[in-house]
Protein chains: 2
Amino acid sequence: MQKLDSIIAGLRKDGYRITPQRVAILDYILSSESHPSAEELHEFIKKKHPMVSLATVYKTLELLKEKNLVRELKFAGGARYDANVARHVNLVCVSCGRIEDMEHSLLEQLESDVARKSKYSVLGSKFELYGYCSQCQKEKLPR
Amino acid sequence: MQKLDSIIAGLRKDGYRITPQRVAILDYILSSESHPSAEELHEFIKKKHPMVSLATVYKTLELLKEKNLVRELKFAGGARYDANVARHVNLVCVSCGRIEDMEHSLLEQLESDVARKSKYSVLGSKFELYGYCSQCQKEKLPR
DNA sequence: ATCTATGCAAACATTTTGCAGGCTG
DNA sequence: CAGCCTGCAAAATGTTTGCATAGAT
């Protein structure tokens, strides 16, 4: 995967060491659509790399956050990680827990307009929408 | 304060008991602009009501969340509570930590448009914008 | 008088940290 | 082969829970 390769090249150029653990974590989070938690990441990665510790997962995620390669989303029950760092809406299903991404042109407009009015120098933004996904709506009454 | 009174009346009507602890917590959070954490709430309330425990603060906040009287915002370092449950932008200063509210008409438009496109049945949304507030920008280079 | 809400302390879940040794560059 | 990175275990943090009792209705 080329995105993985270019990220690895970038980290190496910055002097970071490329360990199998880091590659495995990066590989999984980049290919995942599911916004995994640290625990889920760890469980999945252990299948192929049994020696990866949860502490290393956290340390790697910390690095990736700093490098702006992943974004941390805080929820009840812990953080989830999103490798999509472009501006987008997070659609959170409160029934099944899935999180979908969606792009929307109004987002940029809203962000720049709020930045101008508030006089904030803006680093980033987050828009989350909570509700029932179409599938959970069908599967009888959500609760 | 009339808002406090009407909330208290509502809780009483629902069969909840109106204790001094609950009144103190409600009173503070309603009048606060600062989106306090549970710990900050507790510290402040102890000044006038030394016998209020942190556990009660949490239990009361839980009740108020369920009743949709406050909104919980998850951040690094813990949750913060916002008594403004109307649709608004949260402006988060990453330097001084303050959180300001701002209304914006695009927010409703964006929410309904995303709801339509995604086929989610929407319960609510959250828009947070991170950056340096105008004051922190002035106080020399932010870091 | 009833039964909910409180305070305390212990339990819990998640994330962070310190350190000795291993592996990358 | 120098020093960053890892795994382990312990610690730290933030939040929740169980229980006996105080207190609201």
Side-chain angles (χ1 to χ4, degrees), chain A residues 5 7-29 35-43 45-67 69-81 97, chain B residues 5 7-29 35-46 48-67 69-81 97:
Chain A
D5 290 342
I7 286 176
I8 286 176
L11 289 174
R12 181 173 276 133
K13 188 150 58 65
D14 288 351
Y16 295 100
R17 294 185 177 172
I18 307 306
T19 62
Q21 290 90 333
R22 285 181 174 173
V23 174
I25 292 166
L26 256 177
D27 189 26
Y28 181 62
I29 202 169
H35 305 75
S37 66
E39 189 69 55
E40 286 163 0
L41 255 158
H42 184 226
E43 285 307 314
I45 287 168
K46 269 201 300 189
K47 292 176 190 166
K48 292 203 172 171
H49 307 262
M51 286 307 294
V52 178
S53 76
L54 185 55
T56 296
V57 172
Y58 275 110
K59 284 166 185 168
T60 301
L61 288 170
E62 188 60 36
L63 166 64
L64 300 179
K65 274 192 290 177
E66 275 167 20
K67 290 286 154 187
L69 296 169
V70 306
R71 166 171 285 226
E72 190 178 57
L73 306 169
K74 297 278 189 180
F75 293 108
R80 301 182 151 269
Y81 297 87
Chain B
D5 290 341
I7 287 175
I8 287 176
L11 290 175
R12 182 172 275 134
K13 189 150 59 68
D14 288 350
Y16 295 101
R17 293 182 178 176
I18 306 307
T19 63
Q21 289 91 331
R22 286 182 172 170
V23 175
I25 292 166
L26 257 176
D27 189 27
Y28 181 61
I29 203 170
H35 305 75
S37 65
E39 191 68 56
E40 286 163 358
L41 254 158
H42 184 224
E43 284 308 315
F44 186 88
I45 287 168
K46 270 202 299 190
K48 292 202 172 171
H49 307 262
M51 284 308 293
V52 177
S53 77
L54 185 54
T56 295
V57 172
Y58 275 110
K59 285 167 184 168
T60 301
L61 288 171
E62 188 60 35
L63 166 65
L64 299 179
K65 277 193 286 176
E66 276 166 21
K67 291 286 153 187
L69 296 169
V70 306
R71 166 171 285 226
E72 189 178 56
L73 305 169
K74 298 277 189 181
F75 292 109
R80 301 184 151 268
Y81 297 87

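In what follows, chains are A, B, ... by sequence order, proteins preceding strands, each numbered from 1.
Rounded to an integer number of Å, the gap from B:Leu41 CG to D:dG14 P is 15 Å. Distance, A:Glu40 CD to C:dA13 P: 16 Å, rounded to whole Å. Residue A:Phe75 contributes atom CZ, which lies 15 Å from atom P of C:dT14 at whole-angstrom precision. Put simply, CZ on A:Arg22 is 6 Å from C1' on D:dC5, counting in whole angstrom units. With rounding to whole Å, A:Glu62 atom CD is found 18 Å from D:dC4 atom P. One interatomic measurement links the two molecules: CD of A:Glu66 to C1' of D:dC5, which rounds to 15 Å at whole-angstrom precision. Nucleotide D:dA24 holds its P atom 13 Å from the CD1 atom of B:Ile8, rounded to whole Å. Look at CG on A:Leu54: it is 16 Å from P on D:dA10, rounded to the nearest Å.
Judged by closest nucleotide on DNA chain D, A:Val52 is the one of B:Ala79 and A:Val52 placed further toward the 5' end. Mapping B:Tyr16 and A:Gly77 onto DNA chain C by nearest heavy atom places B:Tyr16 at the nucleotide closer to the 5' end.
Minimum interatomic distance between B:Thr56 and B:Ile25 (heavy atoms only, all atoms of both residues): O-CD1, 4.2 Å.
Among the atoms of the strands shown, only primed sugar atoms or phosphate atoms (P, OP1, OP2) are found under 4.0 Å from some heavy atom of B:Gln21. In this structure, A:Gly15 reaches neither bases nor backbone, as no heavy-atom distance under 4.0 Å exists between it and the strands shown. Within 4.0 Å (heavy atoms only), B:Pro50 reaches no atom of the nucleic acid at all.
Taking only side-chain atoms of B:Thr60, from C-beta outward, the nucleotide of C:dT15, D:dT15, C:dT6 with the closest atom is C:dT6. With C:dT15, C:dT24, D:dT6 as the choices, the nucleotide that has an atom nearest any side-chain atom of A:Pro20 turns out to be C:dT24. Residue A:Ile18 has its side chain nearest to C:dG25 when only D:dT15, C:dC8, C:dG25 are considered. The side chain of B:Arg12 lies closest to D:dT25 when the candidates are D:dT25, D:dG14, D:dA24. Comparing D:dT6, C:dT2, C:dC8 against the side chain of A:Lys59 picks out D:dT6 as the nearest.
Considering CD1 of B:Ile29 and CZ of B:Phe44, their distance stands at 12.5 Å, rounded to 0.5 Å.
Contact between the side-chain N/O atoms of A:Tyr58 and the OP1/OP2 oxygens of C:dT16 is not found at any separation under 4.0 Å. For the OP1/OP2 pair of C:dC3 and a distance below 4.0 Å, the side-chain nitrogens and oxygens of B:Arg17 include no atom meeting the criterion. Side-chain nitrogen and oxygen atoms of A:Thr19 include at least one within less than 4.0 Å of the OP1 or OP2 phosphate oxygen of D:dT6.
Evaluation of the salt bridge (charged side-chain N to carboxylate O under 4.0 Å, His left out) test over residues 13-26 of chain B, restricted to residues two or more places apart or in two chains, returns B:Asp14-B:Lys67.
A salt bridge between A:Glu62 and A:Lys65 is present, with a side-chain N of the basic residue lying under 4.0 Å from a carboxylate O of the acidic one.
When each of A:Glu72, A:Lys74, A:Glu40 is tested with A:Arg80 by the rule side chain to side chain contact (heavy atoms under 4.5 Å, CB included), just one qualifies, namely A:Glu40.
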